[in-house]
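None of the values given here were measured: they were computed from a predicted structure. Each chain gets a letter, A, B and so on, in the order the sequences are listed, and its residues count up from 1.
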Amino acid sequence: MIQIHCPYCGETLPELEFAYAGEAHIERPLSPSEQSDEQWAEFLFLRENVKGPHFERWRHLHGCGRFFNAVRNTITDRFYITYKAGEPRPDLATLLEEDK
Amino acid sequence: MTRFNALNLVKNALSGHKNWTEQWPESQPKAEYDVVIVGAGGHGLGAAYYLAKEHGITNVAVIDKGWLGGGNTGRNTTIIRSNYLYDESARMFDHAVDLWQGLSQELNYNVMYSNRGVLMLAHTVHDVQSFKRHVHANRLNGVDNRWLTSEECKEFCPPVNIAKDARYPVLGGALQERAGTARHDAVAWGYARGAAERGVDIIQNCAVTAIRRHPDGSVAGVETEKGFIKAKKVAVSASGHNSMVMSTADVRLPLESMPLQALVSEPVKPIFPCVVMSNAVHAYCSQSDKGELVIGSGTDQYVSYSQRGGLPLIEHTVAAISEVFPIFNRMRMLRKWGGITDNTPDRSPIVGKTPVQNLYVNAGWGTGGFKATPGAAHTLAWTVAKDEPHPINAPFTLDRFRTGRLIDEAAAAAVAH
Ligand SMILES: Cc1cc2nc3c(=O)[nH]c(=O)nc-3n(C[C@H](O)[C@H](O)[C@H](O)COP(=O)(O)OP(=O)(O)OC[C@H]3O[C@@H](n4cnc5c(N)ncnc54)[C@H](O)[C@@H]3O)c2cc1C
Ligand SMILES: [Zn+2]
């Protein structure tokens, strides 16, 4: 079973406590009425679907209930890092270097 | 190629089955093809077969990064049914079920289609209401489906537990009698053999790394591990990896790839006469001709290409199976595996033309595309040959995610298989 570190609780817990919440760092448009249909399609439906390191959101559903972000490798399912919502997107090259 | 018939079977039995000829040759890529199909699953091989047979286009290659039928075609739980809610889906899946009926004869290859019936169990008042709505909608579309009481469910499939105090009480079920199962590998092999017989090259162990385009944007061919292959038209049918392959042609697809798992038990004597699905508790079960219970699980919640899947899902599935069929709770499971399914936001496929001239796509079949194999392949071949949508695949455009005309089977049916 995958073990996930909640950056709020500071604990590493089984995946069953968590809910996946899709790709991370997708921002809702600030002025929705000015968006074209293409832009809406992109915001609502288009995802990177990366094979490799993937930025994604998780929620500690059966714990503190809070949303946080993570970088996980979608080939091995291993997490490189989890970090609090609102924190900047970590630099991937540095993460992969540290992981070696 | 040897045709299979009783006389040939007897002759080969007498010579110890040592003299069967090969079913398709091991092809190497030619410099150029009229059509290249990426992905030798049932859909891709079937499309090649129909291109050759019905449209006279035989200068075709089907290219796979692994072995043919080694993707989801060879990994699925083979449930075939067409009782989908929406008109568009009903037409697509019922077209496939029509073709399934005669497929063994058509291919001269036994795909073991068995219309043993698919029974979907209702466990809550909500299930009962929505399944009855399905039954009515299906009938209006000419798709067979009928309502059974819980006693009738038990009669149709004796291992089902209909006790009133069961954890998941059975309040009734919807039965499609024309539905059933088929032998997954045989579908890939039968189409491969039929396509190869008509001149199609099947190229295995050769990943397509990119789609190359002309300066005017139209398709020029595919880059592969064995070099560049020129093609007038390219159709991508690479379940699980469609978004990656298509992004090399700058076409973004609204897909997320997730592992879906299945497992089989030790073989036992015939006990399970049909297919039973229980969407509410996530248990799907049938018995193969070898005697194994074939059990389907759910997808992981996250994007993954691990082709393995998480253990919690298996645990959940086995728990549900033991509740709905207590008779099986001491059965031993032999093995489990996963396949990568590509899922669209509305859980309906994307089939047809793309913004790139001469590039076609057959994607997003998610967790339920095996049943569609002959129908999807047949209509995809039409679209590639004529460069226009077939009336049946026409609604399944990529553009629907811009216009909002979704075919929302996700909400309507909680479709799993
Ligand atoms: C566990 C499980 C259970 C399922 N149960 C059912 C069920 O009961 N009923 C049902 O209807 N459906 C079911 N499905 C879904 C069904 O299996 C698929 O929708 C269907 O088989 C897809 O067929 P295909 O031919 O498109 O894909 P595949 O058979 O997956 O073929 C795609 C091929 O593309 C190849 N490929 C990928 N990338 C490349 C590349 N870059 N270059 C070259 N080749 C490439 C792959 O190697 C693969 O062979 C299930 C799926 C799984 C995983
Ligand atoms: Zn927490």
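B:Gln301 contributes a side-chain N or O that, together with a main-chain N or O of A:Phe18, makes up a donor-acceptor pair within less than 3.5 Å.
Crowding of A:His25 atom NE2: a count of heavy atoms from other residues, nucleotides or ligands under 6.0 Å exceeding 12. The number of heavy atoms from other shown groups lying within 6.0 Å of CZ (A:Arg66) does not exceed 12.
Under the 4.5 Å side-chain criterion, counting only non-hydrogen atoms from C-beta, A:Met1 is not in contact with B:Leu311. A heavy-atom distance below 4.5 Å is found between the side chains of A:Tyr20 and B:Val303. Annotation: side chain of B:Phe401 is not in contact with side chain of A:Leu44 (no heavy-atom distance under 4.5 Å).
Contact annotation for B:Leu406: only side-chain heavy atoms (C-beta onward) come within less than 4.5 Å of a heavy atom of chain A. For A:Ile2, the part lying near chain B is the side chain, with the backbone staying farther off; criterion is any non-hydrogen pair under 4.5 Å. Using a 4.5 Å cut-off between heavy atoms, A:Gln39 makes no contact with chain B at all. Of the atoms belonging to B:Leu253, it is backbone heavy atoms, and not side-chain ones, that fall under 4.5 Å from chain A. Neither the backbone nor the side chain of A:Ala21 comes within less than 4.5 Å of any heavy atom of chain B.
The CD atom of A:Glu23 lies 7.5 Å from the CD atom of B:Glu256; values are rounded to the nearest 0.5 Å. The distance from atom CZ of A:Phe45 to atom CG of B:Asp346, rounded to the nearest 0.5 Å, is 7.5 Å. The distance from atom CD of A:Glu56 to atom OH of B:Tyr302, rounded to the nearest 0.5 Å, is 9.5 Å. Annotation: the span from A:Leu16 atom CG to B:His316 atom NE2 amounts to 11.0 Å, rounded to 0.5 Å. Distance CG/B:Asp300 to OG1/A:Thr74: 12.0 Å, rounded to 0.5 Å.
Of all residues in residues 47-54 of chain A, those placing a non-hydrogen atom less than 4.5 angstrom from a non-hydrogen atom of chain B are A:Arg47, A:Glu48, A:Asn49, A:Val50, A:Lys51, A:His54. Within residues 90-100 of chain A, no residue approaches chain B closer than 4.5 Å by heavy atoms.
Residues A:Asp77 and B:Ser304 share a closest heavy-atom pair of OD1-OG, 2.8 Å.
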